[in-house]
Engineer: 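Dumping the structure here so I can ask a few things about it.
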Amino acid sequence: AYYHVIDNDRVFVRPPKKVNPMTRALFSMLDAAGVVRLQNEYRLLKKGQASIVLAGVDDPNGPYDQKRPAQLVREIRQSRGRDAYILMLSHRNDELDLWANMGVQTVLCGHGHGGIVRLPFVGAVFGTHLDLFPDYTAGLYRKGQTSMIVSRGPVSYTHLTLPTNR
């Protein structure tokens with residue numbers, strides 16, 4: 001199965017819970033393709049006697065009343081036990097401390113595309129918060145028992161809008 005979490009370009013618009021038309025179209029395509037959207041929820045994946053919890057959180061720029069990561073992890077721990085292995089899908093790449101403090105074992109994320117500006121032999125120069133030389137741009141990072149894998153993700157620009165004189 002394929003799984004999807006909301007990114008900052010697809011968040012809900014105000015009033016709360018109203019979905020913008022582009023997001024609605026994306027959701028329709030994902031649903032038609034059988035992609036499982038994890039919107040602040042989780043699924044239990046089992047193989048034989050082994051199981052892991054696959055969870056997904058929406059981008060924090062969503063509605064003010066959306067479920068927060070701590071709420072989701074608390075639900076998982078209450079339902080599946082304190083020792084449940086959690087594989088978290090999260091768009092944001094700058095939350096290693098958050099996940100480590102909650103005891104999430106593995107996080108897969110992206111968002112930064114390797115840095116907003118990236119130079120050969122230097123790496124990321126600017127991060128998503130316009131910070132210089134950001135910490136988590138690509139690869140594996142660890143804190144305590146938490147591993148966070150950051151994907152630079154696909155980047156595709158289908159058009160470039162330039163100002164013109166008419």
Side-chain angles (χ1 to χ4, degrees), residues 1-47 51-76 79-80 84-96 98-99 102 104-118 124 126-131 134-141 146-164:
Y2 294 94
Y3 297 88
H4 177 267
V5 293
I6 299 287
D7 65 358
N8 57 303
D9 295 323
R10 312 279 178 266
V11 296
F12 298 99
V13 294
R14 306 306 183 272
K17 309 287 187 208
K18 181 179 179 188
V19 180
N20 70 46
M22 284 183 54
T23 300
R24 189 176 301 112
L26 173 65
F27 285 177
S28 293
M29 288 188 301
L30 291 172
D31 293 345
V35 174
V36 178
R37 293 185 282 127
L38 294 175
Q39 294 182 259
N40 299 314
E41 57 191 338
Y42 68 93
R43 300 286 190 277
L44 184 65
L45 305 179
K46 296 174 82 173
K47 182 166 183 159
S51 66
I52 65 170
V53 174
L54 177 63
V57 292
D58 284 356
D59 189 84
N61 286 341
Y64 71 92
D65 61 345
Q66 76 182 6
K67 187 184 299 181
R68 299 294 175 209
Q71 292 171 279
L72 178 59
V73 171
R74 191 169 33 256
E75 283 178 16
I76 293 167
S79 173
R80 299 294 168 192
Y85 188 95
I86 300 174
L87 171 59
M88 183 67 68
L89 304 180
S90 173
H91 182 65
R92 296 290 170 144
N93 64 320
D94 56 358
E95 298 179 329
L96 179 57
L98 171 78
W99 302 118
M102 289 191 281
V104 172
Q105 291 85 350
T106 303
V107 181
L108 303 179
C109 57
H111 183 63
H113 304 283
I116 301 303
V117 174
R118 189 172 187 86
F126 292 105
T128 54
H129 300 289
L130 299 181
D131 46 329
D135 292 326
Y136 310 119
T137 59
L140 173 63
Y141 302 91
T146 300
S147 296
M148 183 174 77
I149 301 166
V150 180
S151 168
R152 288 173 58 183
V155 177
S156 62
Y157 297 100
T158 55
H159 67 280
L160 179 62
T161 303
L162 299 173
T164 57

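Side chains included, hydrogens not; waters and symmetry mates left out as well; all remaining heavy atoms used. Just so it is clear, the model here is predicted, and its values are computed rather than measured. In this chain, residues are counted from 1 in sequence order.
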Engineer: Taking only residues two or more places apart in sequence or in another chain, which ones pass side chain to side chain donor-acceptor pair (under 3.5 Å) with Thr146?
Structural biologist: none
Engineer: Is there side-chain contact between Leu45 and Tyr3, with at least one heavy-atom pair below 4.5 Å?
Structural biologist: yes
Engineer: Under the ring-ring contact (aromatic ring centres under 6.0 Å, His included) test, which residues partner Tyr141, sequence neighbours left out?
Structural biologist: Tyr136
Engineer: Which residues pass the side chain to side chain donor-acceptor pair (under 3.5 Å) test with Arg68, not counting sequence neighbours?
Structural biologist: none
Engineer: Quick check: closest heavy atoms across Ile76 and Ala55, and the distance to 0.1 Å?
Structural biologist: CD1-CB, 3.8 Å
Engineer: What I'd like to find out is whether the side chain of Val5 reaches to under 4.5 Å of the side chain of Ser90, using heavy atoms alone.
Structural biologist: no
Engineer: As an exercise, state the distance from OG of Ser51 to CZ of Arg43, rounded to the nearest 0.5 Å.
Structural biologist: 15.5 Å
Engineer: Do you know which two heavy atoms are closest between Leu72 and Gly56, and how far apart they sit?
Structural biologist: CD2-O, 3.7 Å
Engineer: With side-chain contact (heavy atoms from CB on, under 4.5 Å) as the test, would you mind laying out the steps for Leu87 and Leu108 before giving the verdict?
Structural biologist: CA-CA 8 Å; Leu87 171 59; Leu108 303 179; 3.8 Å; yes
Engineer: Could I get the full list of side chain to side chain contact (heavy atoms under 4.5 Å, CB included) partners for Val73, not counting sequence neighbours?
Structural biologist: Arg77, Ile86, Met88, Trp99, Met102, Val104
Engineer: Would you call Arg37 and Asp31 a salt bridge, using N to O less than 4.0 angstrom?
Structural biologist: yes
Engineer: Atom CG in Asp94, atom CE in Met148: separation rounded to 0.5 Å?
Structural biologist: 7.5 Å
Engineer: What distance do Gln66 atom CD and Asn40 atom CG have between them, rounded to the nearest 0.5 Å?
Structural biologist: 5.0 Å
Engineer: Under the rule for side chain to side chain donor-acceptor pair (under 3.5 Å), what residues qualify as partners of Gln105, not counting sequence neighbours?
Structural biologist: none
Engineer: So which heavy atom on Ala84 is nearest to which on Val53, and how close?
Structural biologist: CB-CG2, 4.2 Å
Engineer: When rounded to the nearest 0.5 angstrom, what is the spacing between CZ in Arg80 and CD in Glu75?
Structural biologist: 12.0 Å
Engineer: Indicate yes or no: at least one non-hydrogen side-chain atom of Leu54 is less than 4.5 angstrom from one of Leu89.
Structural biologist: yes
Engineer: Can you name the nearest heavy-atom pair linking Thr137 to Ala124, along with the distance?
Structural biologist: CG2-CB, 3.3 Å
Engineer: At what distance, to the nearest 0.5 angstrom, does CG of Leu98 lie from CZ of Arg92?
Structural biologist: 12.5 Å
Engineer: Who pairs with Asp131 by side chain to side chain donor-acceptor pair (under 3.5 Å), at least two apart in sequence or on another chain?
Structural biologist: none
